[in-house]
Amino acid sequence: MTFSILIPYPTIPCLTHFRPVALPLVVAVNGRRKEVREERKINSMLATRALRLLGSRALPASVCVRGGHGVAKVEDYALPAYFDRRENPLPDIRFVANLSPEQKSLKEKEKGPWASLSNDEKIALYRISFNQSFAEMNKGTQEWKSVVAGMLFFIGVTGFVVLWQRKFVYGDVPHTLSAEYKEQELQRMLDMRINPVEGFSAHWDYENKQWKK
Amino acid sequence: MTKKRLVMFRAAVRLSVSGVRSLTRSRPQYAAPLAARCYSHGKQETDEEFDARWVSYFSKPDIDAWELRKGMNTLIGYDLVPEPKILEAALRACRRLNDLGSAIRILEAVKDKAGPHKEIYPYLIQELRPTLNELGISTPEELGIDKA
């Protein structure tokens, strides 16, 4: 039985998965247990698709298609991704995967002394590896203004709706809220001496029939 | 340092376990006396030991790109701004790997790491100036990419 070997990540950038090989299958045939080796068929289409997906990355073909065994289809989302984040300053891959000839020659020049590079060349090298600089990624958008504007707009619309409702939807208030009724309520409360010590009636001057100053 | 020896010793004597995380060769075992104040088990690593560990990590002559990235991303994850000597070792590692972009990115990252303490980054650049001149690394300010 052959073992699946996890190929170390740094050397083979394409592979985060196993090299699939033979899997032993136990099959009951006519009451007798018989070990059968089942081998995965090459799907040459998948292998070439995988190679195409990865573009110009150096791929040792001997690993990916070897001895009649293929590679499981490499999904895009399973590959290392580039992202700009403050807490991950050096992402797993360069931003630009396929270098143009000028960029390739620039990369060659990078192997020499860096003092011989002009500022533009240094910026170009930076932009090959990274998408946004820290300043650009931290900048923030003006989106909050649209958000606040939207909030205020909808609060205003709600205000209009409320006013319309008050005029056209709601009926009259109960008669117990009319001014005369309220005066009678007040007189009754004073007659009952509600809270005469510190509260309501304590503030009414019964001699002079007015509120205490 | 195998698990078996750890178990054997723990019954009798406290052991330093700070070497387990080390990315270089493992620390020699020794019996440490119980600390007067026990924060957690084992000895606390001093700042100098921390710095030395990271300097030796980046100073590996055949460091590869993955290790540089891993080291840098881990270092930025800590709640500190790395010492200039650690950054110098990291920049030299970038030089060995012929990666100028990463060198500039490292400078940006430590400036971002300093946060509101605006005086840290100029100090770092001042300390790193000889290395920057020697290797020909421009700072983000000199290249104009520090402004969005």
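A, B, ... follow the sequence lines: proteins, then strands. Residue 1 opens every chain.
- In this structure, the portion of S129(A) lying under 4.5 Å from any heavy atom of chain B is its side chain and not its backbone.
- The pair E185(A)-K182(A) meets the salt-bridge criterion, since a charged nitrogen lies less than 4.0 angstrom from a carboxylate oxygen.
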| field | E110(A) and K122(A): CA distance, side-chain angles, deciding distance, salt bridge (charged side-chain N to carboxylate O under 4.0 Å, His left out) verdict | value | CA-CA 9 Å; E110(A) 195 184 16; K122(A) 291 182 183 176; over 6 Å; no
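- At a 4.5 Å heavy-atom cutoff, the contact between L117(A) and chain B is made by side-chain atoms alone.
- Interface summary for chain B: among I123(A), D120(A), L125(A), the most heavy-atom pairs under 4.5 angstrom belong to I123(A).
- Separation of the F200(A) and W211(A) ring centroids falls under the 6.0 Å cut-off.
- In terms of non-hydrogen atom pairs under 4.5 Å with chain A, the most contact-rich of T74(B), L135(B), N98(B), L68(B) is N98(B).
- Taken from CZ in F83(A) to CG in D92(A), the straight-line distance is 6.0 Å, to the nearest 0.5 Å.
- For the set S133(A), P91(A), P113(A), the entry with the most heavy-atom pairs within less than 4.5 Å of chain B is S133(A).
- Contact of the K70(B) side chain with the L90(A) side chain is not registered, since no non-hydrogen atoms from C-beta on lie closer than 4.5 Å.
- In this structure, chain B has a heavy atom under 4.5 Å from the backbone of E87(A), while its side chain stays farther away.
- The distance from the OG1 atom of T131(B) to the CD atom of E88(B) is 3.5 Å, given to the nearest 0.5 Å.
- In this structure, chain B has a heavy atom under 4.5 Å from the side chain of R127(A), while its backbone stays farther away.
- Heavy-atom neighbours of chain A within the stretch residues 141-148 of chain B, taken at a separation under 4.5 angstrom, comprise E142(B), L143(B), I145(B), D146(B), K147(B), A148(B).
- Contact tally against chain A (heavy-atom pairs below 4.5 Å) for I106(B), I104(B), D99(B), L97(B): the top residue is D99(B).
- Only the side chain of N138(A) comes within less than 4.5 Å of a heavy atom of chain B; its backbone N, CA, C and O stay farther away.
- A search for side-chain hydrogen bond (donor to acceptor under 3.5 Å, both in side chains) contacts involving N119(A) returns nothing, not counting sequence neighbours.
- Around the CH2 atom of W144(A), the shell of radius 6.0 Å holds no more than 12 heavy atoms that belong to other residues, nucleotides or ligands.
- Side-chain atoms of D112(B) never come within 3.5 Å of backbone atoms of E108(B) as a donor-acceptor pair (strictly under, hydrogens ignored).
- Under a cutoff of 6.0 Å and an axis angle of 45°, R105(B) and F130(A) form a cation-pi pair.
- Distance check, rounded to the nearest 0.5 Å: CG of L100(B) to NZ of K111(A) gives 14.5 Å.
- When each of G112(A), A124(A), S116(A) is checked for heavy-atom pairs under 4.5 Å with chain B, G112(A) comes out on top.
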